[in-house]
There are 2 protein chains.
Amino acid sequence: MNAHYDGGMPRRSPEDRSPSQVDVARAAGVSAQTVSRVISGQSNVRPETARRVMTAVDAVGYRLHAAAASLASGRTRTLGVILVSSDRYSTSAILLGVESVAAESRYTVTTASVPHHSTPASFIEAFERLERQGCEGIVILAPVGYLAEALGTRTERTPTVGHRQADSMGIDALVDQRAIARAATEHLLELGHRSVWHVSGDDFWQESKARREEWEAVLREHGATPPPVLPGDWSPESGYRAGRTLAAIPDATAVFVSSDEMAFGVIRALHEAGRIVPDEVSVVSVDDIALAAYAAPALTTVGQPFEKVGRAAATRVIDMIEKREPSPVEPLHPQLIVRASTARPPAPST
Amino acid sequence: MNAHYDGGMPRRSPEDRSPSQVDVARAAGVSAQTVSRVISGQSNVRPETARRVMTAVDAVGYRLHAAAASLASGRTRTLGVILVSSDRYSTSAILLGVESVAAESRYTVTTASVPHHSTPASFIEAFERLERQGCEGIVILAPVGYLAEALGTRTERTPTVGHRQADSMGIDALVDQRAIARAATEHLLELGHRSVWHVSGDDFWQESKARREEWEAVLREHGATPPPVLPGDWSPESGYRAGRTLAAIPDATAVFVSSDEMAFGVIRALHEAGRIVPDEVSVVSVDDIALAAYAAPALTTVGQPFEKVGRAAATRVIDMIEKREPSPVEPLHPQLIVRASTARPPAPST
DNA sequence: CGCAAGTATGTTTGCGATAACATTACCGTG
DNA sequence: CACGGTAATGTTATCGCAAACATACTTGCG
């Protein structure tokens, strides 16, 4: 760690400075303020003048000095993204969505990764780092359950959006996690399974809880008693452990697994125990990662429109920052993709 | 797209301003400049004074105003990262590495994603966007072959790491891609296979080419003629297509696949064609993603230390920015992980 | 025609930090 | 003990831009 970040650098000499609005102004024969107005797209400028300024901008090769603009205006036009650096796939797709909206609105995106298995402290650290860096809004791609609580009033200072559900805690829901659980569970029930087991995600994550609750609710609606939850943590390993447990339960004919990656583990455990998927046990998971179609058997899974989620999240924070009415957002529906890991339950062997 | 990004915002009134170095100075009974010196860790300050200042910093809740510092010093302390938004999942691990080094050196990281299948133009666009935003250095997590060429002299203005530059600067050079190909190919040869086929990555990527060349070289060293390359693009789908081709070739008993994700596709195609992995065909791939151990069969693969790659890349750009001697970098060795997708070749069926 | 209400532009000031320069305090030495 | 040198601190100018305020120059309407 560099305790001292800078020994000081000499000021650049005036000649090699990059052109400023003053230079543009001179070239265009207007005042610097008018240049500023043209650059920031204000309206009270004659089109003819604006054109002259833009020509001068090109001529002298002017580029807005972000720091100066920020200092003068008190705005940084920066969005922060907190992402969990894990092997989970959704992240980069969401980030792409966030960035493209940000770029359209002339915002910059800075990121703060937290390691895969993180404590509340690392999220707080990341959040504060982004705040320190002057982010005007923050998108959290890891709405861990305790997050709203851990972050406390920080989210009041800085508009914050999470891409998944955090019930009314200021981090808004974008994709309906309950709909995911419902689609998955009902699919299995409709195939004729009497009950559905569940391998949950890390309890840490809010969405994990939402899915579990909805899975329970759906089972109850259909008159089934939810079996105990098999706890997972999103990793394939945890899926494998859950799968071993499950394999030992002859009655179990269907599982709803909270992520594709865990489903890989579950299926392997089942396979090793000699239980055939989907003939003996059906598996539905969530995410539709690229590999889902290449599992053996190919996974039936509930997909989420990740890039759109990112776009929606960014749109929302920007609305909050600029205190606008929330823009209409196209609904983000999860989608069940039926492949080969689900089937009708086996005929009772009696 | 918001053509006009700002209608103008009123200046904040003096009361709700966050504390500045002047406020700290007042509280500590020193000059603002001394506060600045303490904050930026310069040496000519009595320890006692520094302590008083730090106490005052805490007391008034001071935080450095990045934009102001940037304007005054002419430095932004910002690193840009260009990343290809794909399901490939090395990305987030590398990003984490970059960020942690950046944070240690008090740099900020901003990202520019480009879509999965991108033209040179989108890279240039991303690069220029980062330059416009004032990044002092750029890390490109997409060692695309043509990139050095496409970027041209831009990389002279802004220190850049990540593509081949003088053959020693690139990400691809941070981890020896040839060593990866060698480890994989020799492993198969040592098992007794006469020849090894190859499913390549996207030709677009520099590392893809390096691996292919080394695979050829190793085969030649062992007196084998390299069979034609089966072209892939990193996606599981492309692996599947290559796998179908491969399945139709009875002689083929071993493949080196340039990514785990493609290996999933290859194995599925082989399986569908009734060719058993590893009994009839051995498969080695690259990356060691979390799911590699949960493929059926578990993948033998060559792992890369992604996070360390990120750390090394960031360390290097920062060295370049600050015109220091390159810091010593711990060597980044790929590692062969033998699991269940490789075996001795089948006995000749004659 | 005269005056209010805009519209387009210019002038001045301030954002918060730091580089450059100025000053003071303190040291050892011939 | 006067002198030069260095370490610690203070003073001033400046970075590039946009807000606030000031000034021309339009337009519309009674």
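Numbers restart at 1 for each chain; the letters A, B, ... are given by sequence-line order, proteins then strands. Computed from heavy atoms alone, side chains included, the values below leave out hydrogens, waters and symmetry copies.
Defined by atom type and a distance below 3.5 Å, a donor-acceptor pair is present between the side-chain atoms of B:Arg311 and B:Ser100. In this structure, a donor-acceptor pair under 3.5 Å is absent between the side chains of B:Arg77 and B:Thr108. Remark: the B:Glu99 side chain and the A:Thr111 side chain contain an N/O donor-acceptor pair separated by less than 3.5 Å.
Side-chain atoms of B:Arg63 and base atoms of C:dG16 include no donor and acceptor less than 3.5 Å apart.
Phosphate proximity of D:dT9 to B:Thr49: present, with a side-chain N or O under 4.0 Å from OP1 or OP2. Between B:Gln21 and C:dT18 there is a side-chain N or O to OP1 or OP2 distance below 4.0 Å. Here B:Ser31 reaches the OP1 or OP2 of D:dG10: one of its side-chain N or O atoms lies under 4.0 Å away. Distances shorter than 4.0 Å separate none of the side-chain N or O atoms of A:Ser73 from OP1 or OP2 on D:dA19.
Distance B:Leu64 CG to C:dG16 C1': 9 Å, rounded to the nearest Å. In this structure, the CD1 atom of A:Ile39 is 8 Å from the P atom of D:dC17, given to the nearest Å. Nucleotide C:dG16 holds its P atom 12 Å from the CG atom of B:Leu71, rounded to whole Å. Atoms CZ (B:Arg75) and P (C:dA19) sit 10 Å apart, rounded to a whole Å. A straight line from NE2 of B:His65 to P of D:dC17 spans 15 Å, rounded to a whole angstrom. The CZ atom of B:Arg26 sits 13 Å away from the C1' atom of C:dG16 (whole-angstrom rounding).
The side chain of A:Asn44 lies closest to C:dA8 when the candidates are D:dT9, C:dA8, C:dT18. Minimum atom distance to the side chain of B:Val30 is reached by D:dG10, of the listed D:dA18, D:dG10, D:dG16. When the nucleotides C:dT18, C:dT9, D:dA18 are ranked by their closest atom to the side chain of B:Gln33, C:dT18 comes out on top.
Checked for salt-bridge contact, B:Arg324 and B:Glu322 meet the test: a charged N lies under 4.0 Å from a carboxylate O. Salt bridge annotation for B:Arg157-B:Glu131: present, with a cationic side-chain nitrogen under 4.0 angstrom from a carboxylate oxygen.
The residue among A:Pro47 and B:Ser70 whose nearest nucleotide of DNA chain C is located toward the 5' end is A:Pro47. Where B:Arg46 and B:Ala68 meet DNA chain D, the nucleotide closest to each residue was compared, and B:Arg46 sits on the side nearer the 5' end.
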